[in-house]
Amino acid sequence: APQVASAIISDNIVYSCVGRGIFIEDYSTDVRITNNEVYSNDIGIALNYTDNTVISGNNLRLNGTAIETGASKQVVILGNTVRGNTSTGITITGDQTVVISNIVSNNAGNGILTGATVTGFVIAGNRCFDDRTPKIQQYGVNLSNNPTNGIVQGNSVQGNLTDGIFPSGGAGVIIRDNLGYVTENSGTGTINSGATSAAITHGLSYTPVRADITVTLGENPTNTPGAIWVDTITSTQFTVNCENDPGASNLDFSWAVRKI
């Protein structure tokens with residue numbers, strides 16, 4: 001569609017289009033795309049250079065890509081069912097996109113994918129999974145192209161082919177509290193008498209850095225342990241060290257990891 005403002009596209013059945021089923025572009029603003037049945041199109045719902053668009057309550061299936069935001073700003077993608085598309089379920093590109101409470105499943109690419117120049121985004125409360133045998137949906141959330149200044153929180157990303165989340169290398173991205181991609185864990189450990197270190201298996205889905213790890217001593221051991229530090233951090237373990245043998249009492253400690 002050419003430039004429009006304050007439009008509502010609702011309660012339609014859109015299918016078998018070559019190209020886009022629903023397409024909003026040219027700096028359109030305040031468009032609401034709601035409660036449509038969109039299937040068997042090359043792209044189900046596509047935006048390009050729009051502002052303040054809401055895509056909600058739609059059922060998208062058997063498209064190539066189901067939803068693609070293009071170079072748009074302030075897009076809200078809310079409460080859609082995106083299932084069984086032949087490419088990625090939802091691809092976001094641009095600034096200040098919110099993807100929340102969608103069911104994104106059994107797509108041939110990724111569940112939710114960040115395209116180029118994504119910043120200021122929120123991906124929260126979505127269910128992204130593949131319940132087929134064999135599975136095809138690669139990641140529940142794929143933070144490709146180094147998006148920045150966003151949060152991925154409270155999603156369920158269990159049951160995808162490769163992993164729940166592909167993490168971003170971009171600055172200012174917070175990933176936490178997602179089911180199926182562990183970024184928080186805690187436990188206890190002991191440095192035994194005659195030793196000065198203990199290896200801890202952290203059970204995380206990513207490799208932590210020292211700033212993510214907290215160690216709290218649980219006692220005053222027989223011998224003063226001296227300095228305490230963490231090193232040898234890998235994708236599965238880290239090592240807690242003390243300067244001196246703690247003696248007969250051993251040295252018990254608790255540990256916690258949270259991705260900062």
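Because only heavy atoms are used, hydrogens play no part in the values below, and waters and symmetry mates are left out as well, while side chains stay in. When a residue number appears, it is its place in the shown sequence, counting from 1.
Note on Val257: it clusters hydrophobically with Ile233, by side-chain heavy-atom contacts below 4.5 Å among ILVMFWY residues.
The ring pair (Phe, Tyr, Trp, His ring centres under 6.0 Å) search around Phe121 returns none, not counting sequence neighbours. For Asn250, the side chain to side chain contact (heavy atoms under 4.5 Å, CB included) partners two or more places apart in sequence, or in a different chain, are Thr190, Asn192, Ser193.
For the atom pair CG of Asn142 and CD1 of Ile165, the computed distance is 10.5 Å after rounding to the nearest 0.5 Å. With rounding to the nearest 0.5 angstrom, the CD1 atom of Ile200 is 11.5 Å from the OG atom of Ser186. Interatomic distance, CG of Asn178 versus CD of Glu184, reported as 8.0 Å (0.5 Å rounding). Taken from CD in Gln153 to OG1 in Thr183, the straight-line distance is 9.0 Å, to the nearest 0.5 Å. Rounded to the nearest 0.5 Å, atoms CG (Leu47) and CD1 (Ile92) are 12.0 Å apart.
With side-chain heavy atoms closer than 4.5 Å counting as contact, directly or through intermediates, the hydrophobic cluster containing Tyr39 also holds Ile13, Tyr15.
Defined by atom type and a distance below 3.5 Å, a donor-acceptor pair is missing between the side-chain atoms of Asn58 and Asn35. Judged purely by distance below 3.5 Å, without hydrogens or angles, the side chains of Thr34 and Ser10 pair a donor atom with an acceptor atom. Side-chain contact, Ser72 with Thr69: no donor N or O sits under 3.5 Å from an acceptor N or O. Using modelled atom types and a 3.5 Å distance limit, the side chains of Gln137 and Asn160 yield a donor-acceptor pair. Thr119 and Thr148 share a side-chain donor-acceptor pair at under 3.5 Å.
Taking every heavy atom of both residues into account, Gly89 and Val104 meet most closely at CA-CG1, 4.3 Å. Contact record, Ala71 with Asn48: N-OD1, 3.3 Å, taken as the closest heavy-atom pair. Val240 and Ile228 get closest at one heavy-atom pair: CG1-CG2, 4.2 Å. Minimum interatomic distance between Thr232 and Thr239 (heavy atoms only, all atoms of both residues): CB-OG1, 3.8 Å.
Put simply, the side chain of Asn126 reaches to within 4.5 Å of the side chain of Ile112, judged on heavy atoms. By the 4.5 Å heavy-atom criterion applied to side chains, Asn244 and Pro225 are not counted as neighbours.
Note: His202 and Phe238 have parallel aromatic rings, judged against thresholds of 30 and 60 degrees for the angle between ring planes.
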Apply side-chain contact (heavy atoms from CB on, under 4.5 Å) to the pair Ile151 and Arg176, showing each step before the final yes or no.
CA-CA 8 Å; Ile151 185 166; Arg176 65 188 181 200; 3.9 Å; yes
So Tyr27 and Thr50, side-chain contact (heavy atoms from CB on, under 4.5 Å) or not? Walk me through it.
CA-CA 5 Å; Tyr27 303 98; Thr50 71; over 6 Å; no
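The pair Asp131-Arg83 meets the salt-bridge criterion, since a charged nitrogen lies less than 4.0 angstrom from a carboxylate oxygen. Classification of Arg20 and Glu68 as a salt-bridged pair fails, no side-chain N sitting under 4.0 Å from a carboxylate O.
More than 12 heavy atoms of other residues, nucleotides or ligands shown are found within 6.0 angstrom of CD1 on Ile174.
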